[in-house]
Amino acid sequence: MSRTASSWLSEAAAVFAKEWRCELRTRYALNTVLLFAFTTLVMVSVALGPMGVDSAARATVLPMLLWLILLFAAAAGLPRVFGHEEEKHTATALRLAATPSALFCGKLAFSLTLFAAIEALTAPLFLAMMQLPVAAPGRFLATLVLGGWGLAAASTLVAAIVGQARGQSTLFAVLSFPVLLPLLLLAIEATRAAVGGGGGADSLSRLVLYDAAMTVVSLMLFPAIWNP
Amino acid sequence: MPATTLLEFSGVVRAFGRLRVLGGVSGRVAPGTVLAVTGPNGSGKSTLLKCLAGLLAPDAGRIDYREEGVTLDTATRRRRVGFLSPDLALYEELTVEENLHFFCRLRALPASRGGELRERVGLPATRRCGALSSGMRQRLRWAFALLHRPRLLLLDEPLEHFDAGGVELARDLLGEHLAGGGLAVVANPSRLELPHVADRLELAL
Amino acid sequence: MNDGSDWALVAVNMIIWSGLFLYLLRLQRQLDRTERDS
Amino acid sequence: MRKIAPWLLWIWIMVVIWAAFFYAPLAEGFVGQSSRILFFHVPMAWVSFVAFLAAGAWSIRFLAGGRRVAHDHAASAAVELGLLFCVLATVTGALWARVMWGAFWNWDPRQTSIVLAMIFYAAYLALRSAVEEPETRRRLAAAYAVLGLVVAPFLFFVLPRLTFSLHPDTVVNLRGRIEMESRMRQVLAASSLAFTVLFFWIHRIQVRLKARAERAPLGRTRP
C-alpha cells in the first residue's frame, strides 16, 4: 500500500463520504444540532425581541448571542465524531485500515461542513429575527467561516481525546470550552466590527492565527491520540 | 519459501492496572504454519493477539515481524496484518457492499476486491450490516480480515457463531492462506482441525 | 480611598510567598523521610 | 549543601522583600503602597505560565520520547503546581482590583484570560481522572497539555490585548515591554527568578514523590 499523496487524499475523501453517508442514514447529529439551534434562536428572540435590546447595545450584545447559540449547537452535534466509533467498536477496523492523518482530515472536513450547515441556517435566521442590519456583509461572512473553522477544528481534536474516555458529553464540554472560548471572544469582536459596532478590526487576523495554530497542532497531535 | 518472512515475539508482558494478563509470553511462526493459542477465558489470548496486531502496546517484551526480510514497525504492521476478533464491528447503517467498498478505498484497493470477497464468503450486497445475523457478521469479519491479502493472519475466536457451513468456509480460507505461504496465529482453533498447526501456545490463568 | 487596605494587600502577598516557601520545606522533609524509610 | 540550600533561597526572598519596600520607588497612580504588590502578583502569574509551558514541553518529550512515565509525572506535577500559582495570581489580582477600583471582579480581559487558563488546566486534571487505563490516560493527558501550548500563550498574551483593559497596561504587561523605572524592573526580575526557582524546586520534589508513590504504592496511588 504505497503512501502516495493521491491515495492519502482518496482515503480522506473516503472517510468524509462515509461520515456523511452514515450521518444522512441516522440523521443523528444533524437533527440534534438543527433542533437545538432553532429552539435556542426562538427562545432568545422571544425573550429579547427586536425591541428587547436598546439600539445602542444591539451591535455589541447581539453578536455575542449569535456565537453562543453556535457554540452550544456545536457542543450538541460535534462531540460524537469519534465517540460512536469507539462505542460501536468500529474504531478497531479503522485503526487497522486507515492512515491517522487522513482519518483526521476526513473527520475534520465532516465537522467543517456540518458546522457550515448550522451557520448557514442559524445566522440568516438570527439576523432576520433580530432585525440586525449588517454594515459589512463580506467581513461578517469571513467571520462566520473563520470562526466556524476554529470551532470545528478544536471540537474535532477534543472529540478524539474524549472518544476514549468515560462520561463523554460532560467531559467534552469541560475540555472544549476553555479551548473554544478564546476563539469565541475573537469571533464576537470580529462580528461586532462587521455589524458596524466598531472596533476589533484586527480580530480577523487573530482568528486566522488561532485557526491555523489549532489545525496544525490537531494534525500533529491526532496520531498520538489515535494510536494505542 | 525463504525464511525471510517470520513472526517472532519474546517476553511479551501486559497488565491492566494491577491485573497481569500476559506474563512474558514467547512464540515463533514461520510461513505456511499456524500457531494455535489455547487457554481458559481470561488467560490473555485476545490481549496477545491485540499486541501482535499492534492494537495494544505491550508493557515489556519484543514483537518482531519480518516480511521478505524487511522488519515492520508497529504502525506498518498494524495496517498489514489481517485481524479478526469478536468485538470487531463494521458500520451498522451501511450495507455490506458499502462497508467493504469503504475499506477498499481506505486500503487503496479496487472496489471489485470487495465484491469478490463478499461472494466468496456468501453475503448479500445490499443488506445493512445492522440487519445481518451473527453468523453472517462473522463471515463479514473474515472478508474484512482478508481484504488486502495479508501475509499474517491474527484470528481471535474465528469460528464464533459459525454453523457447519461456516466452519467449512473458515477451513478453506485459512487453508488457502497457508498454502500460499501465509502465517497465522489462531486463538481457540479447536473445531478447525488444522493439519498445518506447527506449534501450540498454552496460556494459563 | 486609602484606608490602609493597601498595606493589608501587600501583607497578604508576603504571607502567600512565605507559605509557598514553607510548603517547599515540608515537601523536602517528606521526601527525605520516605527515602530514609525505603 | 542540601541542608543550607533552602535557607539561601529564604535569604534571597528576604532581600527581594526588603528591596520591594526600600529599593524600588512607588509607582504613580496607585493607591498608597499597593503598587508594591506588583513584585509578587506578576511573578505568580508569570510562574503559572512557565509551569504550563513546562507541562507542554514534558508532554512532548513523553509522546515523542518513548512514552516514559517519568515525563508524564513531570507534566502532571507541573500542571498541578501551575494551577496553584494560577489560583494565587487570580486571588491577589482580585484583591488588587478591590483596592484599586473598588471591585473584586469586573471581567477585565486579563482576569478573563487567567480564569480561562485555570479552567483549561483544571480540565486537564478532569481528563486524567476520567480515563482508567494508565497508558491511555497518560497519552491523552499529554496530548491535551500539548494543545495547551497553543491555548496558554493565546490566553496570557493575545487575549488581554483585545479590548480596553482596566489593568494598568502602562505599568504591567507580560510581553516584557514594561515601562517602569529601572530599579522597579530589577526588583521584579529578582522576584520572578526567586519564584521560578521556588516552582522548579517544589516541582522536582513532587515528581520524585510521585515516582515513589507509583513504585511502592502507599495505599492510594496518585492519578
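Every chain is numbered from 1 and lettered A, B, ... according to where its sequence line falls, protein lines coming before strand lines.
No salt bridge links K18(A) with E23(A); every basic N to acidic carboxylate O contact stays at or beyond 4.0 Å. By the 4.0 Å N-to-carboxylate-O rule, R80(A) lies close enough to E87(A) to be salt-bridged with it. The pair R95(A)-E86(A) meets the salt-bridge criterion, since a charged nitrogen lies less than 4.0 angstrom from a carboxylate oxygen.
Between the side chains of W149(A) and T215(A), a donor-acceptor pair is found at a separation under 3.5 Å. In this model, no donor atom of one side chain and acceptor atom of the other lie less than 3.5 Å apart for T99(A) and W8(A). In this structure, a donor-acceptor pair under 3.5 Å is present between the side chains of S111(A) and T156(A). With 3.5 Å as the limit, one finds no donor-acceptor pair spanning the side chains of Y210(A) and R206(A).
Using a 4.5 Å cut-off on side-chain heavy atoms (C-beta onward), L78(A) and L151(A) make no contact.
Ranked by heavy-atom pairs under 4.5 Å with chain D, the list L175(A), V217(A), V174(A) is led by L175(A). For the set L181(A), N227(A), V216(A), the entry with the most heavy-atom pairs within less than 4.5 Å of chain D is N227(A).
Close approach to chain A, defined as a heavy atom under 4.5 Å from one of its heavy atoms, is seen in L63(D), R67(D) of residues 60-70 of chain D, taken by number. Contacts from residues 140-152 of chain D to chain A, taken as heavy-atom pairs separated by less than 4.5 Å, involve L140(D), A143(D), Y144(D), V146(D), L147(D), V150(D), V151(D) in sequence order.
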Using the side-chain contact (heavy atoms from CB on, under 4.5 Å) rule, take F177(A) and F120(D) through it: C-alpha gap first, then chi angles, then the decisive distance, then the call.
-> CA-CA 8 Å; F177(A) 278 13; F120(D) 181 89; over 6 Å; no
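Relative orientation of the F49(D) and F156(D) rings is tilted, given thresholds of 30° and 60° on the angle between their planes. Aromatic ring orientation, F72(A) versus F36(A): tilted (interplanar angle from 30° to 60°).
Heavy atoms of L155(D) lying under 4.5 Å from chain A belong exclusively to its side chain. Residue contact with chain A, scored on non-hydrogen atoms closer than 4.5 Å, involves the side chain of E132(D) exclusively. If you measure heavy-atom distances from L183(A) to chain D, you find no contacts under 4.5 Å at all.
L103(A) contributes atom CG, which lies 4.5 Å from atom CZ of F222(A) (distance to the nearest 0.5 angstrom).
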